[in-house]
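What follows is a single structure, written as structure tokens, with notes after it.
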Amino acid sequence: QPVWSPDSKVQCDLLFLMISHSSETHRRDAIRRSWLNYLADEDCPLCQSLRIAYVFVLGVPSARDAEEAEAEKRDWGDLLLLDGFKEGDRGSTTRDGDYGKLSRKVRMAMALALKTSTFRLLFKVDTDSFVFLPRLLAALPKDWWPPELASTNSDGPVARTEQEIAAEHTPQAGGGGQGARTHDLQTHPNLLAVYGGNLRDGARAEVHTKRMSPWYDPVYLNVTGRTVYPPHAKGPGYLLSRDLVEVVGGVGDEAVHLPNEDTAVGFWL
């Protein structure tokens, strides 16, 4: 895991972006102790062969949390702070009338990720979620895998023989063969307009207009006159290719920001 800074250019194919609050030290520690250990797991070949990085993005901490956040940043090197985004107080659950605050934070975090990393795929994941990394990577299209792992069984990728690899990399007679398949995701031609996640539940999701709902949204209906959101990936995590992250990261501060960031991302896209 590289050390992150506003001036860094972290080289990776897949970036796990986690939006966090400075007071959530226990959650970040739990993630470091649990599913992030897959990155060093020898039983996960794809975890070893793809260039994977992660980063926690926080707003500017309150005075109460600033010293602790700075010490954690020094110790782990996996935090980035969003200039111009001031966090609320520790434990605060009110939006203070700013219903678009969370989606604004996600949008700014994606813009910062574009500036500080070379990723081709970004997985935005909540800090209360567990990523089963071997299963996630095994679900990616095979032509994104390194060629020596591009066979699979029910448990995910397995190694292939040298003969199988060589046969695939040999152009076919007649000049019509495609030759070697790239596994360098930095130059892969098919990593455009990738949007992955729980799109089933986001296919016809209705707007929550009751104030007591944790997903209360007084913005979307007022702006669009519609009671159903556009299709979007729901909930704890979703995958975006770099070109779509550029769309989200390029949304201006004056744009409509919905209260729930997953619906906001689908709305912008």
Side-chain angles (χ1 to χ4, degrees), residues 13-20 35 52 54 57 95 98-114 117 119-133 135-145 185 188-269:
D13 298 318
L14 172 61
L15 173 63
F16 285 95
L17 178 71
M18 288 167 278
I19 314 299
S20 188
W35 66 263
I52 302 173
Y54 75 92
V57 178
R95 292 190 175 101
D98 184 1
Y99 289 101
K101 192 169 186 178
L102 178 57
S103 58
R104 183 173 291 109
K105 186 175 185 180
V106 169
R107 187 257 300 168
M108 292 174 66
M110 289 190 183
L112 185 58
L114 287 165
S117 170
F119 71 88
R120 289 295 306 277
L121 293 167
L122 180 143
F123 195 93
K124 183 267 166 189
V125 59
D126 290 349
T127 55
D128 59 352
S129 299
F130 184 96
V131 179
F132 188 1
L133 194 53
R135 182 179 293 175
L136 172 67
L137 297 180
L140 298 178
K142 286 185 185 179
D143 65 344
W144 298 0
W145 298 357
L185 295 191
H188 198 291
N190 295 329
L191 284 179
L192 294 173
V194 176
Y195 186 20
N198 180 10
L199 290 151
R200 183 180 293 111
D201 288 345
R204 295 288 298 170
E206 295 186 356
V207 179
H208 291 257
T209 56
K210 295 183 179 179
R211 282 186 176 271
M212 297 303 292
S213 169
W215 300 284
Y216 172 57
D217 181 351
V219 179
Y220 184 76
L221 176 62
N222 184 51
V223 169
T224 68
R226 298 175 181 270
T227 58
V228 175
Y229 290 116
H232 58 279
K234 276 290 184 192
Y238 48 84
L239 185 73
L240 294 171
S241 51
R242 189 178 183 94
D243 59 319
L244 295 190
V245 178
E246 289 171 350
V247 172
V248 175
V251 170
D253 202 50
E254 71 286 351
V256 174
H257 286 69
L258 304 182
N260 305 302
E261 52 88 16
D262 53 357
T263 55
V265 168
F267 176 58
W268 291 327
L269 293 178

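Since the model is a prediction, treat every value here as computed from it, not as a measurement.
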Q.
Measuring only between side-chain heavy atoms, which start at C-beta, is V219 closer than 4.5 Å to H257?
A. no
Q | From CA spacing to verdict: side chain to side chain contact (heavy atoms under 4.5 Å, CB included), H232, F267 | A | CA-CA 8 Å; H232 58 279; F267 176 58; over 6 Å; no
Q: Check V106, I19, V248 against E261 for a side-chain contact (heavy atoms from CB on, under 4.5 Å) and give me the one that passes.
A: V106
Q) What is the distance from atom NZ of K210 to atom CH2 of W215, rounded to the nearest 0.5 Å? A) 13.5 Å
Q: Kindly state whether the ring of Y54 and the ring of W35 have centres lying under 6.0 angstrom apart.
A: no
Q.
If I compare all heavy atoms of A113 with all of L15, which pair ends up nearest, and what's the gap?
A. CB-CD2, 3.9 Å
Q: Apply the test side chain to side chain contact (heavy atoms under 4.5 Å, CB included) to residues L17 and F119: give CA-CA distance (whole Å), side-chain angles for both, the deciding distance (0.1 Å), then the verdict.
A: CA-CA 11 Å; L17 178 71; F119 71 88; over 6 Å; no
Q.
Please check this pair: side chain of D243 against backbone of A193, looking for a donor-acceptor N/O pair closer than 3.5 Å.
A. yes
(Q) Test side chain to side chain contact (heavy atoms under 4.5 Å, CB included) on M110 and L240; report intermediate values, then the result. (A) CA-CA 10 Å; M110 289 190 183; L240 294 171; 3.7 Å; yes
Q) Going from CG on L269 to OH on Y195, what distance comes out if it is rounded to the nearest 0.5 angstrom? A) 5.5 Å
Q. W268 side chain to V256 main-chain N or O, any donor-acceptor pair under 3.5 Å?
A. yes
Q) Of all heavy-atom pairs between G249 and A111, which one has the smallest distance, and what is that distance? A) O-CB, 3.7 Å
Q) What closest approach, in Å, do L199 and A233 show between heavy atoms, and which atom pair accounts for it? A) CD2-N, 3.5 Å
Q.
Between L14 and L137, is there a side-chain heavy-atom distance shorter than 4.5 Å?
A. yes
Q: First locate atom CD of E206, then atom OH of Y229, and finally report the distance between them rounded to the nearest 0.5 Å.
A: 10.5 Å
Q) Say you draw a straight line from CZ of R107 to CG of D253; how long is it, rounded to the nearest 0.5 Å? A) 4.5 Å
Q) Within a strict 4.5 Å, meaning less than it, do heavy atoms of the L102 and N260 side chains meet? A) no
Q. Do you know the tightest heavy-atom contact between K105 and S20?
A. NZ-O, 2.7 Å
Q.
As an exercise, state the distance from CG of D262 to CG of D201, rounded to the nearest 0.5 Å.
A. 10.5 Å
Q. Which pair of heavy atoms, one from S103 and one from L258, lies closest together, and at what distance?
A. OG-O, 2.7 Å
Q: Hey, could you give me the OH/CG distance between Y238 and N198, rounded to the nearest 0.5 Å?
A: 13.0 Å
Q | Beyond-backbone contact of L239 with K124, side-chain heavy atoms, under 4.5 angstrom | A | no
Q: Search all heavy atoms of R242 against all heavy atoms of S117 and return the closest pair with its distance.
A: NH1-O, 3.1 Å
(Q) Does the structure place the NZ or CZ of R226 under 6.0 Å from the centre of the six-membered ring of Y220, at an angle of no more than 45° from the ring's axis? (A) no
